[in-house]
A.B. asks: 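Could you have a look at this structure, given as structure tokens, before my questions?
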Amino acid sequence: MKHTDISFLKNEATKKDYLNQTVTVCGWVRTSRDSKNMAFMEINDGTTFKHLQIVIDKSQGVENPEAMHLGTSVKVTGTAVEGRQGALEINAQEIEVLGTCPADYPLQKKRHTVEFLRTMPHLRGRTNLFNAVLRVRSVLAQAIHSYFQSKDYVYINTPLITGSDCEGAGEMFQVTTNGFTKEYDNAEDYYANDFFGKKAGLSVSGQLEGEVAAMAMGKIYTFGPSFRAENSNTPKHLSEFWHIEPEVAFAELPDIIEIAEDMVKTVIRTVLEKCPDEMAFFNERIEPGIIDRLTDLINNDFGVCDYTEAIRLLKESGQKFQYPVEWGCDLQTEHERYISETVFKKAVFVTNYPKEIKSFYMKQNDDGKTVAAVDLLVPGVGEIIGGSEREADYDRLVAAMKERDMNLDLYTDYLELRKYGSVPHGGFGLGFERLIMYVTGVANIRDVILYPRSVGSIR
Ligand code: 4AD
């Protein structure tokens, strides 16, 4: 269908090419207003955050009452003229209704709660909020690829179906083609007869295979979905989330921290540059001050704080936390937010966690108690990155796995990497939706992805 994207008419650099020209535009009607001699509607085609005003002179016989209903899809031909504040608008010559939209269209009023919109994932993209979120998401994705590609990282696609559980936490969705049956009386028999001849699941992380790739390609990153079957019905957990996992050879924990900080700052700077309209909307409607907060973030160093120090700060805070704080405990969101929001008032890396609360693959520190782990905590969200230097020593890794009663047979590839030319290396995982929450100020992770999956909810 020959037409012009509204983004071209709204773009300061290209709009002059359309001034006083006849153009055809398409879109969904977002607002409409009727008066005696004139009618107005604003349409949006999704190519830009901004709506395009259509001016209808009733005396010209172009009026189309059906087109005035919100949600109707239209094709409009007319002359592009300069309207209020220099923005182009269209003096309509012809309005064609592509798809009518009856009065039960749910997005009638201007403002809806996110809870209401969550009940209609197929329509909520047509609101300003989701228009802005989905475009920021797209720009962030591109910025992440550009960041790594510009630094010679190789983009790797790791398998989604796996026979090993990366985090060792056993919270995997199972992949099976065997239906409900009484044929097998034990699990071993069941899996032996299943599709892969052994137990399989959806990967919780591409890290283990990412390490395989890094041991050949040096610097790699993945960008794909991860699946977690954990029963965490919180505003920051999804069962299916998008995960960015760089893995770097010849790198120790401080190198990993440096990469994470540089990447986060770079991609946020890109969003501030490329999405001014969307960010202005978030600043006005979702989180006042967010643009200043992000600008501060990219212009200042992130904090770094040892876990042991973090525990001391929490214990001395005088705050009443729902989850008690003791050395050895995992940091809960309330603790993470206190550290980043109240103590540091900025993004902060917490390092060197107790080995008992972290994964088997993390490099064991010389103190015998902690591992070279790092989490990045940000105000408003809490953890957005989890990473570590990896245990590169074969014997120490085997010992850590045995301590956790892991089945070493499932990790032969991973262990062999430590046998054939092992090197210090590390990486991290960035939760894409958590980053989007942080950048947009949207408080619930279900509102930064087209179709959220969470415990008890799929559509
Ligand atoms: O801290 P996590 O579990 O670390 C890993 O998966 C490592 N294998 C990463 C690595 O070193 N390559 O997860 C990393 C990040 C978290 O910081 C969080 O941002 C996000 O992934 N994440 C989730 N996001 C949404 N919903 C969930 N259920 C998430 N679980 C983790």
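What you see is a predicted model; the values in this text were computed from it and never measured. Whatever order the structure lists ligands and atoms in, that order sets their numbers, starting from 1.
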A.B. asks: My understanding is that only one of T370, D306, T308 makes a side chain to side chain donor-acceptor pair (under 3.5 Å) with N352; could you say which?
C.D. replies: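 When T370, D306, T308 are each tested with N352, the side chain to side chain donor-acceptor pair (under 3.5 Å) holds only for D306.
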A.B. asks: Under a plain distance cut-off of 3.5 Å, with no hydrogens placed, do D375 and Y307 share a side-chain donor-acceptor pair?
C.D. replies: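 Distance-only check fails for Y307 and D375.
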A.B. asks: List ligand 1 atoms under 4.0 Å from S205, heavy atoms only on the residue side.
C.D. replies: 6 (O), 8 (N)
A.B. asks: Which heavy atom of S454 sits nearest a heavy atom of H237, and at what distance?
C.D. replies: CB-O, 4.5 Å
A.B. asks: Check each atom of ligand 1 against the heavy atoms of K236 and keep those under 4.0 Å away; list them by number with element.
C.D. replies: 25 (C), 26 (N)
A.B. asks: Run the ring-centre check on Y411 versus F360 and record whether the distance is less than 6.0 Å.
C.D. replies: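 Between Y411 and F360, the centre distance is under 6.0 Å.
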A.B. asks: If you measure from each non-hydrogen atom of F241 to ligand 1, which part falls under 4.0 Å: side chain, backbone, both or neither?
C.D. replies: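 It is the side chain that gets close, since no backbone atom is under 4.0 Å.
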A.B. asks: Would K265 pass as a cation-pi partner of F302, given that its NZ or CZ must be under 6.0 Å from the six-membered ring centre and within 45 degrees of the axis?
C.D. replies: yes
A.B. asks: Does ligand 1 have an atom under 4.0 Å from some heavy atom of E389?
C.D. replies: no
A.B. asks: Does any N or O of ligand 1 fall below 3.5 Å from an N or O anywhere on V204, backbone included?
C.D. replies: no
A.B. asks: Do V25 and L52 come close enough that some side-chain heavy atom pair is under 4.5 Å?
C.D. replies: yes
A.B. asks: Run the numbers for me: atoms of ligand 1, each under 4.0 Å from some heavy atom of G431, listed by number.
C.D. replies: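 Heavy-atom distances to G431 below 4.0 Å select 15 (C), 19 (O), 20 (C), 21 (O).
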A.B. asks: Would a line drawn from the ring center of Y414 to the ring center of Y361 be shorter than 6.0 Å?
C.D. replies: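 So the answer is no for these two rings.
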A.B. asks: With a 4.0 Å heavy-atom cut-off (strictly under), which part of R390 contacts ligand 1: side chain, backbone, both or neither?
C.D. replies: side chain
A.B. asks: Does ligand 1 have an atom under 4.0 Å from some heavy atom of Y361?
C.D. replies: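 Under 4.0 Å: yes for Y361.
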A.B. asks: Below 4.0 Å from ligand 1: does a non-hydrogen atom of I445 turn up there or not?
C.D. replies: yes
A.B. asks: Pick one of side chain, backbone, both or neither for how H243 approaches ligand 1, counting any non-hydrogen atom pair under 4.0 Å.
C.D. replies: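 Side chain only; the backbone of H243 stays clear of ligand 1.
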A.B. asks: One residue to check: H237. Relative to ligand 1, which of side chain, backbone, both or neither has a non-hydrogen atom less than 4.0 Å away?
C.D. replies: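 Both parts.
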A.B. asks: Have H69 and T72 got a donor and an acceptor in their side chains that come within less than 3.5 Å?
C.D. replies: no
A.B. asks: Just jot down the ligand 1 atoms closer than 4.0 angstrom to any heavy atom of E383, in number order.
C.D. replies: 1 (O), 16 (C), 17 (O)
A.B. asks: Which atoms of ligand 1 have any heavy atom of I385 under 4.0 Å away?
C.D. replies: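 Numbered from 1, ligand 1 contributes 17 (O).
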A.B. asks: For ligand 1, which atoms, with element, lie under 4.0 Å from some heavy atom of E230?
C.D. replies: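 Selected atoms, number and element: 28 (N).
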A.B. asks: State plainly whether the residues E356 and K369 are in salt-bridge range, i.e. N to O under 4.0 Å.
C.D. replies: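 No.
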A.B. asks: If you count the atoms of ligand 1 from 1 in the order shown, which ones are under 4.0 Å from a heavy atom of G387?
C.D. replies: 11 (O)
A.B. asks: With a 4.0 Å cut-off on heavy atoms, does E247 reach ligand 1?
C.D. replies: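 Judged by the 4.0 Å heavy-atom criterion, E247 does not count as contacting ligand 1.
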A.B. asks: Determine whether the side chains of S388 and R390 contain a donor N or O and an acceptor N or O closer than 3.5 Å.
C.D. replies: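 Yes - a donor-acceptor pair under 3.5 Å links their side chains.
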A.B. asks: Does R228 come within less than 4.0 Å of ligand 1, judged by its heavy atoms?
C.D. replies: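 Yes, R228 has a heavy atom closer than 4.0 Å to ligand 1.
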A.B. asks: Taking the six-membered ring of Y221, is the NZ or CZ of K219 close enough (under 6.0 Å from the centre) and on axis enough (within 45°)?
C.D. replies: no
A.B. asks: Among G386, S226, S454, which one puts a heavy atom closest to atom 4 (O) of ligand 1?
C.D. replies: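 Nearest heavy atom to atom 4 (O) of ligand 1 lies in G386.
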